[in-house]
Amino acid sequence: MLQRVTGPTWLIDLVAAVMLATAGYCASRVVVARWRARVTQTDVDLAHVAMGLGMADMLLRPPGPVLSRIGLLGFTVVGGYFAARGIQHYIDGRGAVAAGLHLQHAVGSGAMLLMLVPMSRAATGNGMPGMTVRSVLGSASPAVTVVAVLLMGLAVTSVGRVLASPQGPTPGPLTPRLGVCCQALMTATMGYLLLAV
């Protein structure tokens, strides 16, 4: 049996609610963009939906074996996709910033995989009662801390991008700035989860 995320219940519930709201908003971006024939980053929005739902589930209860296995496969694919896009952007000469944005999503997918490791081990019968990310990874836990700190740094960088960028030509619910805000929320929550579980 896996251990639920530790911490004050009100904080866990609040973060889970924020993740569910963020996932819902990102899903609405996809729908509104299709409906109004507007341009948005559908791949990023869909990744945020999956990450938001996954983190909310992890906060409220340990995912079951089926969800944990689907999550491992799904985030492996998502991480590979964004890593490939980041590398391709860099090769195409679009600059390190454009490549870095995709690589940030790849790092986020890797963090989701780190959080799903205990669930996967429990699903295959290798889990122990009270298992957490740190107990599974054991000596690798300093690396988990490094990843968590990296994620927090990326979240701060995302906030800086929001503050430094103009509103842009797309007002309303599909503004790129709101998309970056979602990225900052997701990234900060991943860092929190890695440190809390």
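Here the structure is a predicted model, which is why all the values come from computation and not from measurement.
- With Thr9 as the fixed residue, the side chain to side chain contact (heavy atoms under 4.5 Å, CB included) test singles out one of Leu11, Ile12, Asp13: Asp13.
- Side-chain contact between Met186 and Met112 is absent, with no heavy-atom pair separated by less than 4.5 Å.
- Contact check for Gln88 versus Arg94: no side-chain heavy atoms found under the 4.5 Å cut-off.
- Considering only heavy atoms from C-beta on, Leu194 comes within 4.5 Å of Val147 through its side chain.
- Residues Leu101 and His89 fail the side-chain proximity criterion, which asks for heavy atoms closer than 4.5 Å.
- Side-chain contact between Val30 and Thr40 is absent, with no heavy atoms from C-beta onward closer than 4.5 Å.
- Taking 4.5 Å as the limit, some side-chain heavy atom of Val44 sits within range of a side-chain heavy atom of His105.
- Atoms OG1 and CE, on Thr189 and Met58 in that order, are 11.0 Å from each other to the nearest 0.5 Å.
- The closest side-chain heavy-atom distance from Tyr90 to Leu103 is not below 4.5 Å.
- Cys182 contributes atom SG, which lies 8.5 Å from atom CE of Met19 (distance to the nearest 0.5 angstrom).
- Side-chain heavy atoms closer than 4.5 Å link hydrophobic residues (I, L, V, M, F, W, Y) into clusters, and following such links, even through other members, never connects Val18 to Val49.
- Taking hydrophobic clusters as Ile, Leu, Val, Met, Phe, Trp and Tyr residues chained together by side-chain heavy-atom distances below 4.5 Å, Leu53 does not share a cluster with Leu14.
- In plain terms, the two heavy atoms of Gly86 and Ala99 that are nearest each other are O-CB, 3.2 Å.
- In this structure, a donor-acceptor pair under 3.5 Å is present between the side chains of Gln104 and Ser158.
- Note that the OG1 atom of Thr187 and the CG atom of Leu154 stand 6.0 Å from one another [nearest 0.5 Å].
- How far CG of Leu20 is from CG of Leu60: 7.0 Å, rounded to the nearest 0.5 Å.
- Closest of all the heavy-atom pairs between Ala106 and Phe82 is N-CB, 3.8 Å.
- Smallest separation of non-hydrogen atoms from Cys26 and His48: SG-CB, 3.5 Å.
- Side-chain atoms of Arg69 and Leu116, non-hydrogen and from C-beta on, never get closer than 4.5 Å to each other.
- Both Met55 and Leu114 are members of a single hydrophobic cluster when ILVMFWY side chains are connected at heavy-atom separations under 4.5 Å.
- Here the CE-CG distance, from Met190 to Leu150, works out to 11.5 Å after rounding to the nearest 0.5 Å.
- With rounding to the nearest 0.5 angstrom, the CE atom of Met115 is 8.5 Å from the CE atom of Met51.
- In terms of heavy atoms, Ala155 sits closest to Ala184 at CB-O, 3.7 Å.
- Linking ILVMFWY residues whenever their side-chain heavy atoms come closer than 4.5 Å, directly or via other members, leaves Val77 and Ile70 in distinct clusters.
- No path of Ile, Leu, Val, Met, Phe, Trp and Tyr side chains, each step under 4.5 Å between heavy atoms, connects Leu46 with Trp35, placing them in separate hydrophobic clusters.
- Taking all atoms of both residues into account, the shortest heavy-atom contact from Ala56 to Ala16 is CB-O, 3.8 Å.
- When all heavy atoms of Leu113 and Leu72 are compared, the pair lying nearest together is CD2-O, 3.3 Å.
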